[in-house]
Amino acid sequence: MREAEKLLADLTPQQREAVTHVEGPLLVVAGAGSGKTRVITRRVAYLALRGVPPHRLLAVTFTNKAADEMRGRIEQLAGTRGAWVSTFHSLCASMLRISADSIGLSRDFTIYDRDDQLKAVQQCLKEMEADTSMLQPAGVLQAISNAKTRLESPEQFAAAVTGLRDELIAKAYAKYQALLARNAALDFDDLLLRVALLLQGDEAFRDRWQRRFDFVLIDEYQDTNRAQYLIARELAARHRNLCATGDPDQAIYTWRGASIRNILEFTRDYPDARVVKLERNYRSTKAILRAADSLIVHNALRHERGLWTENPEGLPVRFLWADDADQEAQMVVQSIAASHAKGRRWRDFAVFYRTNAQSRSLEEAMRHRIPHRLIGAVQFYGRQEIKDLVAYLRVCVNELDDLSLERILNVPVRGIGDRTADRLRAWAAANGLSLRAAVAAADQAPDLGAKAKGAVKAFSDLLDAFRAAPKSPVGAFCRHVLDKSGYQDWLERPENEERKENVNEFLAKADKFDLEHPGGELAEFMQEVALVSDVDNLDPTADAVSLMTLHAAKGLEFPVVFLTGAEEGLLPHINALRNEEGIEEERRLCYVGMTRAKEELIITASAWRAQGGSMAEREPSRFLFEVRRDVFDNAGQRALASLGPDATLDAWDDAESKPLRSAPGEARPRKHGPPPPPRRPGGLAVGDRVRHPQLGDGWVLAIQRADKLTVVTVAMASGGKRLFALEYVALEKL
DNA sequence: TCGCTGGCAACCTGC
DNA sequence: TTGCCAGCGA
Ligand SMILES: Nc1ncnc2c1ncn2[C@@H]1O[C@H](COP(=O)(O)OP(=O)(O)OP(=O)(O)O)[C@@H](O)[C@H]1O
């Protein structure tokens with residue numbers, strides 16, 4: 001028990017209580033940075049040290065990266081391996097593969113990603129007799145995904161809908177499921193849905209998996225959806241040793257079906273559950289915590305809870321208001337560079353944003369200056385060349401995967417054009433053949449010319465050869481495929497330099513897989529590839545600044561955090577403004593971002609931002625005015641005071657005025673919110689030296705009244721001319 | 001059959 | 001601003 005003592009030594013009494021609780025349901029409601037991940041990890045190690053065989057332990061994390069880290073920590077702490085640590089999706093994929101034979105599923109099933117799903121939907125819509133021009137594939141897919149999240153089969157969905165549009169969607173859903181079944185494919189939703197339904201309806205399956213684990217632990221429980229909830233419940237039904245940890249304030253995935261009610265109603269499901277609350281934050285400074293707390297209390301649909309820390313007060317939060325996105329990026333870069341010069345490592349910094357599109361200006365500003373890693377965005381696996389190679393591998397594993405086969409039919413170009421493909425597809429459909437079977441029997445196909453038949457035959461032989469070749473080690477097989485398919489030759493062309501590098505990166509991943517899973521199957525590797533998430537590619541050992549979305553930041557921590565684009569329409573996002581729930585989720589997202597910071601938090605926003613082709617004027621996020629003003633530094637307080645709806649002023653002018661901020665272009669009326677009260681010119685004259693709160697010093701070139709505003713043209717010391725409306729920018733006369 | 005060009009819509013988060 | 005699709009010429 002000495003080891004177990006050590007395990008508990010540096011834990012708080014509450015954390016210890018959660019770790020040492022053994023039998024029965026346990027709920028750990030933990031505020032941000034209070035150590036819930038730490039608790040789960042220790043708890044698994046503790047149970048192992050108490051003699052529970054590690055392979056009887058299941059811990060479910062939100063990302064594969066979190067799973068890998070936790071697995072490593074557990075091995076360190078308990079000195080044992082074998083605990084099953086994975087995400088829900090990986091868990092379900094593995095369960096389905098393991099139980100494939102008994103549930104009538106091919107163990108070589110393909111996992112379809114969003115692009116595949118869209119293609120499948122498009123194909124279904126095309127095949128439908130009714131006019132589907134009113135339906136957008138993305139919308140239909142959304143509806144299907146929603147239905148699956150509600151665990152509704154196509155039949156149930158069809159029975160519940162009214163109206164032409166929904167009836168068409170119901171038909172499309174049925175066709176879509178049939179198409180996936182024909183292709184032996186499952187989409188992300190299916191993985192969860194199938195397992196949830198099997199656990200409920202298939203006795204053998206349920207029995208087998210209920211006996212598989214003695215303890216079940218679920219992290220980030222606040223972001224579980226209905227299927228995940230059922231899976232957790234069923235897997236733990238026999239022994240009820242279910243430990244859930246989460247933070248309702250960090251629920252940020254309700255838009256894809258997650259339900260905060262799962263965590264809020266845990267004690268209703270398990271009235272005898274032990275509930276442990278962790279309220280001491282170990283991550284952030286007092287200033288950061290106060291800032292975050294003062295924001296989240298604005299959520300009405302929330303249980304009152306407090307979070308405290310013994311950490312130092314720390315630096316005040318900074319707020320930087322830029323002219324445009326490029327300048328915002330510059331400000332971030334300058335801050336980072338300055339801080340780095342004072343001794344910070346690059347990896348101490350993270351820059352968060354609401355939408356991937358925002359990463360562009362940041363990346364541009366950092367290019368060649370600051371080592372950085374972009375998480376997500378144009379994901380690695382979304383690249384054409386990677387998808388091509390993956391399609392080859394999928395076809396090698398699963399011959400029924402027509403969608404993937406279609407992708408590579410003529411890639412690289414081998415003389416099987418659209419017409420030939422169409423005819424093959426039509427012939428296959430007419431005869432109930434898979435596309436692969438049609439390709440194999442192409443010489444019997446009607447209306448195919450001799451030339452086309454030859455090309456198809458050669459392709460079929462190629463696939464046969466792949467099928468016969470050893471699939472392991474995976475890296476070697478990938479190279480074999482690239483070589484024999486002619487893809488490598490295509491990659492060698494000078495214009496494909498970058499593509500070749502990406503493929504090489506993929507090959508390195510395959511080699512890594514071989515190393516970590518000696519004798520591992522190609523199907524397993526394909527599963528891993530299908531289920532990687534953006535953050536999984538974050539390498540914490542690389543000394544580089546991390547750029548990622550707020551969603552991707554969940555669960556991570558960094559000494560210095562930049563929260564960019566704190567603007568109305570962006571955070572909260574325009575599409576979330578429809579209802580209060582939407583805004584509250586955005587507020588939680590902002591809260592998650594803020595609470596990632598250990599020592600420094602810098603929030604930035606921009607007055608103008610490119611939107612489509614043109615520039616749009618922005619307002620600072622309402623969240624900035626909900627955060628206690630006194631957590632900001634002086635410059636931040638001043639900037640916010642001058643920007644806010646409750647701006648403090650020396651004088652009032654005309655409240656009806658159309659505002660204009662430091663505009664690089666033309667003045668525009670603001671779209672929402674009350675216009676901030678204008679400020680008096682302040683006795684400025686042409687030739688005066690002035691200071692802008694963020695942009696620095698300059699000289700007044702001109703003062704004009706325009707549209708009830710006072711517009712000052714300033715020659716900036718840093719170069720260039722800028723327009724400021726005195727009503728909106730606190731220019732200080734020097 | 002292939003590859004290029006131009007017009008047009010979309011731009012939120014992601015397993 | 002970008003990425004997708006349709007249409008066209010070689
Ligand atoms: N008892 C403790 N003593 C010292 N440090 C601790 C303790 N508990 C947690 N920490 C530290 O606090 C930080 C946050 O812990 P952890 O990531 O487990 O929190 P969390 O609750 O999962 O956070 P979040 O929900 O915000 O993602 C980590 O750096 C961790 O090492």
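None of these values were measured; they are calculated from a predicted model.
- When the C1' atom of C:dC5 is taken as reference, atom CG of A:Leu118 falls 15 Å away, rounded to whole Å.
- Taking 4.0 Å as the cut-off between side-chain N and carboxylate O, A:Arg383 and A:Asp388 do not count as a salt-bridged pair.
- Between the side chains of A:Gln527 and A:Ser94, a donor-acceptor pair is found at a separation under 3.5 Å.
- Between the P atom of B:dT13 and the CD atom of A:Glu581 lies a distance of 22 Å, rounded to the nearest Å.
- Atom P of C:dC4 sits at a distance of 15 Å from the matching atom of B:dT13, rounded to the whole Å.
- Cation-pi geometry between A:Arg97 and A:Phe109 is satisfied (NZ or CZ under 6.0 Å from the ring centre, within 45° of the ring normal).
- Toward the 5' end of DNA chain B, the nearer of the two residues A:Ser533 and A:Arg354, judged by each one's closest nucleotide, is A:Arg354.
- Taking 4.0 Å as the cut-off between side-chain N and carboxylate O, A:Glu492 and A:Lys500 count as a salt-bridged pair.
- To the nearest angstrom, P of B:dG14 lies 13 Å from CZ of A:Phe352.
- Of the residues in residues 245-257 of chain A, those lying under 4.0 Å from DNA chain B by heavy-atom distance are A:Tyr253, A:Trp255, A:Arg256.
- Between A:Glu585 and A:Arg588 there is a salt bridge, since a side-chain N of the basic residue sits under 4.0 Å from a carboxylate O of the acidic one.
- Comparing A:Asp189 and A:Glu586 by the nucleotide of DNA chain B that holds the closest heavy atom to each, the one mapping nearer the 5' end is A:Glu586.
- As rounded to whole Å, 20 Å separates atom C1' of B:dC15 from atom CZ of A:Arg226.
- Between A:His551 and A:Trp255, the ring centre distance stays below 6.0 Å.
- Residue A:Gln136 places at least one side-chain N or O under 4.0 Å from the OP1 or OP2 atom of B:dA10.
- For B:dG14, the OP1/OP2 oxygens have a side-chain nitrogen or oxygen of A:Thr549 closer than 4.0 Å.
- When rounded to the nearest whole Å, the span between CD of A:Glu220 and P of B:dG14 equals 15 Å.
- One atom, OH of A:Tyr353, and another, C1' of B:dT13, lie 12 Å apart when rounded to the nearest Å.
- Evaluation of A:His573 against the base of B:dC12 yields a stacking contact (centre distance < 5.5 Å, interplanar angle < 30°).
- As a whole-Å value, the separation of A:Leu550 CG from B:dT13 P is 11 Å.
- For A:Arg360, the listed nucleotide lying nearest its side chain is C:dT1; candidates were B:dG14, C:dT1, B:dC12.
- Close to B:dG14, at under 4.0 Å from its OP1 or OP2, lies a side-chain N or O of A:Asn356.
- Whole-Å rounding puts the A:Leu570 CG to B:dC12 P distance at 10 Å.
- Taking the six-membered ring where the residue is Trp, A:Phe562 and A:Phe349 present tilted rings, their angle falling between 30° and 60°.
- A:Phe525 has its ring centre no less than 6.0 Å from the ring centre of A:His517.
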Readout for nucleotides 1-6 of chain B: B = base within 4.0 Å of protein heavy atom, S = sugar-phosphate only, - = neither; 5' to 3' it is SSS---
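- Looking only at atom types and distance, the side chain of A:Gln222 has a donor-acceptor partner in the side chain of A:Glu220 under 3.5 Å away.
- Between A:Phe62 and A:Tyr253, the angle of the ring planes lies from 30° to 60°, which puts this pair in the tilted group.
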